[in-house]
Q: 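Input: one structure, supplied below.
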Protein chains: 2
Amino acid sequence: MGNESGQNFQRRHQQIPLAVIKRLPVYHRYLSDLHQKEVARISSSELAAKIGITASQLRQDLSWFGSFGQQGYGYRVDELLREVSRILGLNQNIGMVLVGAGRLGRAIIHYANFKRRGFHTKAIFDNNPEIVGQIIDGIPVYDISELENYLKNHSIQIGVITTPATVAQEVADRLVRSGIKGIWNFAPVSLKVPDDVIVEHVHIGESLMVLSMKLQQRKASGPDS
Amino acid sequence: MGNESGQNFQRRHQQIPLAVIKRLPVYHRYLSDLHQKEVARISSSELAAKIGITASQLRQDLSWFGSFGQQGYGYRVDELLREVSRILGLNQNIGMVLVGAGRLGRAIIHYANFKRRGFHTKAIFDNNPEIVGQIIDGIPVYDISELENYLKNHSIQIGVITTPATVAQEVADRLVRSGIKGIWNFAPVSLKVPDDVIVEHVHIGESLMVLSMKLQQRKASGPDS
DNA sequence: CCTTTTTTGTTAAATATTTAACAATATTAG
DNA sequence: CTAATATTGTTAAATATTTAACAAAAAAGG
């Protein structure tokens with residue numbers, strides 16, 4: 001058994017590298033898969049091979065959070081999945097509101113609600129009178145003017161912005177003023193927020209540009225290299 | 001004027017770091033903004049400050065592709081925007097097909113078509129008979145069985161996957177067999193493709209987990225640190 | 001026309017991340 | 001019970017990325 005059995009969260013007091021943080025959801029996905037397939041144990045080298053990284057990196061990453069494996073045996077899939085879930089904060093319920101009930105907003109509600117447990121979209125806000133009052137996926141749509149009032153009376157941790165880019169900053173400001181500390185932003189703008197607010201930006205357009213660029217590079221440098 | 005005036009694409013023969021590639025779309029966005037505001041010139045330090053990086057990094061990044069600035073003057077916004085667009089491959093028309101006409105698919109078509117020039121979704125494929133035959137945003141929806149035949153007869157560079165995770169790999173295989181070299185994947189699976197095919201994965205769920213984790217960390221280590 | 005200022009592109013130093021190596025230890029096999 | 005094998009967590013080395021420093025050169029000001 002690991003020497004500290006994962007009792008402690010984040011062993012060292014240094015800041016965890018962003019590169020490590022970004023790999024954790026990937027580990028979670030693969031571990032979920034294995035768990036579903038009822039695989040009981042896996043070694044760092046097997047798991048790393050599946051993911052396409054080195055075993056060293058996997059062990060190094062995990063070591064930021066504790067010791068979850070057993071020498072000579074490897075990791076128990078269910079235990080490691082539980083630990084990674086805990087590290088990711090997936091063991092608690094998180095309340096969200098979504099601003100911008102356009103196509104992307106509707107798609108995200110669906111995605112977020114069905115795919116990931118623990119994240120609950122409690123309310124939707126929009127400025128279109130034709131949408132306000134509707135119920136989308138079981139979630140009520142309120143007028144954007146109600147935003148501050150709603151947030152005052154409900155426990156919400158994350159605000160999701162799926163508005164046009166032009167109003168995203170204004171929405172962010174309003175969320176921040178109402179005490180929201182986490183913003184999941186789909187609008188293609190870099191939001192300016194205070195230091196104590198965390199923004200995760202989903203870079204849809206940027207991702208397509210990266211693909212376009214890589215294709216162009218590949219073409220330029222010869223298809224065989 | 002820069003000593004080589006950007007005549008050459010990618011000066012050195014080394015591989016361009018992924019970290020650099022990922023920043024280029026950000027540069028593009030800020031330069032577009034400046035261009036729209038009719039700003040004519042900008043120095044590396046001004047632009048870097050806006051973006052929130054160091055001037056050194058900006059100049060270092062650009063130097064991978066050529067010399068676009070002028071000592072004592074800075075960069076001409078229109079020229080640099082043109083160069084960055086060219087590097088990103090935004091100056092050419094790119095044909096795309098989208099597989100999976102669900103909510104996310106429809107949102108992406110809208111997003112990709114309206115927001116970014118150069119990318120044209122030519123056809124949509126789905127297996128739902130109720131959707132097949134429809135026209136979405138001016139784009140015809142065909143039965144998924146038509147995919148290979150369509151790709152044989154049209155010039156398509158990118159396949160977009162917005163199907164459920166369960167069928168994403170199968171769709172990817174079919175795209176690859178039809179000669180597609182670029183895949184823009186929204187399904188939460190790591191696609192296995194040959195080395196000459198480029199996959200860009202939009203990590204929607206993973207991004208939410210990262211946000212969740214950062215919130216949890218912030219909470220744990222005290223709101224003031 | 002000359003001097004001062006600005007700002008680039010690049011070389012070098014500092015920092016961060018990844019990979020390799022290995023001692024420690026649990027498991028397995030005989 | 002002992003020896004051989006497997007595999008972790010961690011320390012050290014290698015690699016990559018970021019930042020700083022600065023010579024070169026253009027622009028601005030007199």
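Note on naming: letters A, B, ... go to the chains in the order of the sequence lines (proteins, then strands), and numbering restarts at 1 for each one. Owing to the predicted nature of the structure, the values given are computational and were not obtained by experimental measurement.
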Q: Of the non-hydrogen atoms in B/Leu58 and B/Ser44, which two are nearest, and what is the gap between them?
A: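 Closest approach of B/Leu58 to B/Ser44: CD2-O, 3.5 Å.
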Q: Taking the nucleotide of DNA chain C with the nearest heavy atom to each, does A/Asp61 or A/Tyr73 sit closer to the 5' end?
A: A/Asp61
Q: Starting from P on D/dT7, measure out to CG on A/Leu80 and report it in whole angstrom.
A: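 From A/Leu80 CG to D/dT7 P: 15 Å.
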Q: Does the side chain of A/Arg59 get closer than 4.0 angstrom to OP1 or OP2 of C/dT18 through an N or O atom?
A: no
Q: Rounded to whole Å, please give me the gap between CG in A/Leu62 and P in C/dT18.
A: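 After rounding, the gap between these two atoms is 14 Å.
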Q: One thing to verify: whether B/Glu206 and A/Lys22 come together as a salt bridge, which I'm taking to mean a side-chain N less than 4.0 angstrom from a carboxylate O.
A: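 No, A/Lys22 and B/Glu206 are not salt-bridged.
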Q: Nearest whole Å is fine: how far is D/dA16 C1' from B/Lys22 NZ?
A: 14 Å
Q: C/dA21, C/dA24, D/dA20: which one has an atom nearest the side-chain heavy atoms of A/Ser56?
A: C/dA21
Q: Do A/Ser43 and A/Glu46 meet the criterion of a side-chain donor-acceptor pair at a distance under 3.5 Å?
A: yes
Q: Calculate the interatomic distance between A/Phe68 atom CZ and C/dT25 atom C1'; express it in whole Å.
A: 19 Å
Q: Check whether any side-chain heavy atom of B/Thr162 sits under 4.5 Å from a side-chain heavy atom of B/Val160, and report yes or no.
A: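 With C-beta onward as the side chain, the pair touches.
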Q: Nearest-Å distance, CD (A/Gln57) to C1' (D/dT8)?
A: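 Going from A/Gln57 (CD) to D/dT8 (C1'), I get 17 Å.
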Q: To the nearest 0.5 Å, what is the distance between CG on A/Asp33 and NZ on A/Lys50?
A: 8.5 Å
Q: Answer yes or no: does a side-chain N or O of B/Tyr75 lie under 4.0 Å from OP1 or OP2 of C/dG9?
A: yes
Q: Which nucleotide in the set C/dT7, D/dA12, C/dG9 lies at the smallest distance from any side-chain heavy atom of A/Gln60?
A: D/dA12
Q: Looking at A/Gln70, does any N or O in its side chain come under 4.0 Å of the phosphate oxygens OP1/OP2 on C/dT27?
A: yes
Q: Specify the separation, in whole Å, of atom CG of B/Leu47 and atom P of C/dT7.
A: 13 Å
Q: Which residues in residues 34-43 of chain A have a heavy atom closer than 4.0 Å to any atom of DNA chain C?
A: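 Correct list: empty, so none.
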Q: Do B/Tyr75 and B/Leu47 come close enough that some side-chain heavy atom pair is under 4.5 Å?
A: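 A side-chain contact under 4.5 Å is absent here.
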Q: Taking the six-membered ring for Trp, are A/Phe186 and A/Trp184 parallel (under 30°), tilted (30 to 60°) or perpendicular (over 60°)?
A: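 Geometry flag for A/Trp184 against A/Phe186: perpendicular rings.
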Q: With a sphere of 6.0 Å drawn around NE2 of A/His35, does it hold more than 12 non-hydrogen atoms of other residues, nucleotides or ligands?
A: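 At most 12 heavy atoms, drawn from other residues, nucleotides or ligands, come within 6.0 Å of this atom.
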Q: Where each residue is assigned the nucleotide of DNA chain C containing its nearest heavy atom, which of A/Ile53 and A/Gly72 is assigned the position nearer the 5′ end?
A: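 Its nucleotide being nearer the 5' end, the pick is A/Ile53.
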Q: Across the strands shown, which category fits B/Ser44 at heavy-atom distances under 4.0 angstrom: base, sugar-phosphate, nothing?
A: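 The answer is sugar-phosphate, as B/Ser44 gets under 4.0 Å only of primed atoms, P, OP1 or OP2.
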Q: Assign B/Thr54 to base, sugar-phosphate, or nothing according to its heavy-atom contacts below 4.0 angstrom with the strands shown.
A: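 Sugar-phosphate contact only.
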Q: Provide, to the nearest angstrom, the distance between the CD atom belonging to A/Gln71 and the P atom belonging to C/dA26.
A: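 Answer to the nearest Å: 6 Å.
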Q: Closer than 4.0 Å, any side-chain N/O of B/Ser63 to the OP1 or OP2 of C/dG9?
A: no
Q: In whole angstroms, how far is the C1' atom of D/dA16 from the CD atom of B/Gln15?
A: 13 Å
